[in-house]
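This report concerns only the one structure given below.
Note that the coordinates shown come from a computational prediction; the quantities given were computed from them, not determined experimentally. Lettering follows sequence order; numbering is per chain, from 1.
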2 protein chains.
Amino acid sequence: MSSAHRRDAAATRAAILRAGVEAFTRYGFDGVGVREIAQAAGVSAMLVNRYFGSKEGLFAEVAEVSMTDRTVLGDDPATLARDIAAALVRRTSPAADNLSPFLLMLRSAANPRAAEILRENIERHVEAHVYEVAPDTRGTDRAAVVLAVIAGFWLLRKVIGSSALNGTDEKTLETTLRQLFETLIPSATTG
Amino acid sequence: MSSAHRRDAAATRAAILRAGVEAFTRYGFDGVGVREIAQAAGVSAMLVNRYFGSKEGLFAEVAEVSMTDRTVLGDDPATLARDIAAALVRRTSPAADNLSPFLLMLRSAANPRAAEILRENIERHVEAHVYEVAPDTRGTDRAAVVLAVIAGFWLLRKVIGSSALNGTDEKTLETTLRQLFETLIPSATTG
DNA sequence: TCCACAAGTCTACAGTCGTATACTTCGTTC
DNA sequence: GAACGAAGTATACGACTGTAGACTTGTGGA
């Protein structure tokens, strides 16, 4: 362990997983090949299958990791609607180029097997997080609709590239979105 | 012209286009091959390229046709929010199995070239239609946000298959959505 | 020191993809 | 009725896909 770890299984696995998150988020499940992912991780293509069983196995773990990321929503129930709106506008800004789990979902949902994996992880992690932060959405459809609104905005603004959403003043966008989320999350006050 | 037209260029072209709408909507641009589309139209694969130049050319025309379909939104500005909510819940119902332009968009958006084609057609046809029916959304971001909400709901309920959205009472869903659209479309009254 | 096992790579296979070229078949018009 | 052009098909090519199997290389412990 003196010099750099050249043959470190855990590190290699982590590198592949990281490359997988990036590639699947950018290009979607069907838009990228295992050879490309392996090259980005600096390893041979077959290591993907060795560590994750298959391309689908890697995607399942990528979805798990991505959906567990809690930077999507805020933590304060009182300012939740405002926080979601602000973060959404900021992270979908033309300059921003990040690895949102919503991009992973949007770009991979066309594949039925990927869609099923995504559904399972969204319900287990993301919806659960919404319930946690905004308890009064539990038992209703509102948590899922919040996610639908966020996903739809990501889609139109970043994946499709709507010029209406990219040309409008971001303050206006944020106001529109905040009104929507305040409608959906009763506990979030206008401030 | 007495018997059935066996060698009718216009009819063949139309058959390929129809098969293209169905296939691209169901499986997305990258999820279906030209051979499969041609077989559904009852012709050889190369006719796709003869009539539409390429797979991408066929997709462009499919997008044009699909986005020009005006059954998505209602026509009465006063009841627009309610109509959109009702149609959205009905058409995303588990039993329903239709060819919504939103499904076409959601399942093909991962491909960058398809996304660009979709963007152009959405702005030219769908957004324009929203402006037409709800003039007070013009010049704002609201028409695009309406589309984002619709797309997000389609995504979560039909493409991903969210059990929250498929298990909830449809009346409740419709109420939630109507509130959202009434927020976005000022001219639509609660009734 | 050397060996056993883990870590990693190479090669190959069977399939699918979009599409270009060459071909055949049909309908129409003189 | 024959021929010309349009409508449609067959074949093939090169690139790419996921992954199985055999192989090589490195490293930690005895």
Side-chain angles (χ1 to χ4, degrees), chain A residues 1-20 23-24 26-63 107-108 110-117, chain B residues 1-20 23-24 26-63 107-108 110-117:
Chain A
M1 66 180 68
S2 54
S3 70
H5 41 271
R6 287 234 330 236
R7 237 179 150 103
D8 186 335
T12 301
R13 212 191 117 98
I16 295 173
L17 187 57
R18 212 178 320 123
F24 284 139
R26 269 200 224 288
Y27 310 112
F29 182 77
D30 286 331
V32 70
V34 289
R35 287 170 177 81
E36 199 172 340
I37 297 173
Q39 186 174 13
V43 298
S44 167
M46 283 315 297
L47 276 197
V48 172
N49 281 12
R50 175 183 285 284
Y51 283 114
F52 298 93
S54 64
K55 184 188 181 184
E56 188 177 331
L58 172 61
F59 182 79
E61 205 144 332
V62 164
R107 295 211 170 102
S108 300
N111 185 294
R113 296 212 305 271
E116 170 57 23
I117 292 169
Chain B
M1 65 184 69
S2 55
S3 70
H5 38 271
R6 286 233 330 233
R7 238 176 152 102
D8 187 334
T12 301
R13 212 191 116 98
I16 295 173
L17 187 57
R18 212 176 322 123
F24 284 140
R26 269 200 224 287
Y27 310 111
F29 183 78
D30 286 331
V32 71
V34 288
R35 287 171 177 82
E36 198 173 340
I37 296 173
Q39 187 175 8
V43 297
S44 167
M46 284 315 297
L47 277 196
V48 173
N49 280 14
R50 176 184 283 286
Y51 283 114
F52 298 93
S54 64
K55 183 188 182 185
E56 189 177 329
L58 171 60
F59 181 80
E61 205 144 331
V62 163
R107 294 213 170 101
S108 300
N111 185 295
R113 297 210 305 271
E116 170 57 23
I117 293 169

Length of the [atom1]-[atom2] vector between [X] and [N], whole Å:
| X | N | atom1 | atom2 | value |
| --- | --- | --- | --- | --- |
| B/Q39 | D/dA10 | CD | P | 12 Å |
| A/F59 | D/dT19 | CZ | C1' | 19 Å |
| B/D30 | D/dT17 | CG | P | 12 Å |
| B/E56 | C/dC17 | CD | P | 17 Å |
| A/M46 | D/dT25 | CE | P | 19 Å |
| A/I37 | D/dC16 | CD1 | C1' | 15 Å |
| B/N49 | D/dA10 | CG | C1' | 15 Å |
| B/Y27 | C/dC17 | OH | P | 13 Å |

Give me, pair by pair, the N or O atoms of the protein and of nucleotides 5-7 of chain C that are less than 3.5 Å apart, along with how far apart they are.
{"residue": "C/dA7", "atom": "O4'", "partner": "A/R7", "partner atom": "NE", "Å": "3.3"}
{"residue": "C/dA7", "atom": "N3", "partner": "A/R7", "partner atom": "NH2", "Å": "2.2"}

>> I'd like to check A/I117 versus A/E56 (side-chain heavy atoms, cut-off strictly below 4.5 Å). Are they in contact?
In response: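 The answer is yes, as the side chains (C-beta and beyond) meet within the 4.5 Å cut-off.
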So which heavy atom on [X] is nearest to which on [Y], and how close?
| X | Y | result |
| --- | --- | --- |
| B/A114 | B/S108 | CB-O, 3.4 Å |
| B/I37 | B/A23 | CG1-CB, 3.8 Å |
| B/V48 | B/A38 | CG2-CB, 4.2 Å |
| B/Y27 | B/E36 | CE1-OE2, 4.2 Å |

> Under 4.0 angstrom, heavy atoms only, what part of the nucleic acid is A/V48 near: base, sugar-phosphate, or nothing?
Replying inline: nothing
>> Parallel, tilted or perpendicular: which one describes the rings of A/F59 and A/F24, with boundaries at 30° and 60°?
In response: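 Geometry flag for A/F24 against A/F59: perpendicular rings.
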> When rounded to the nearest 0.5 angstrom, what is the spacing between OH in B/Y51 and OG1 in B/T12?
Replying inline: 5.0 Å
> Which nucleotide sits closest to the side chain of A/R35: C/dT9, C/dC17, D/dG18?
Replying inline: D/dG18
>> Taking the minimum atom-to-atom distance to the side chain of B/K55, which one of C/dT9, D/dT19, C/dG18 wins?
In response: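 Selected nucleotide (nearest to the side chain): C/dG18.
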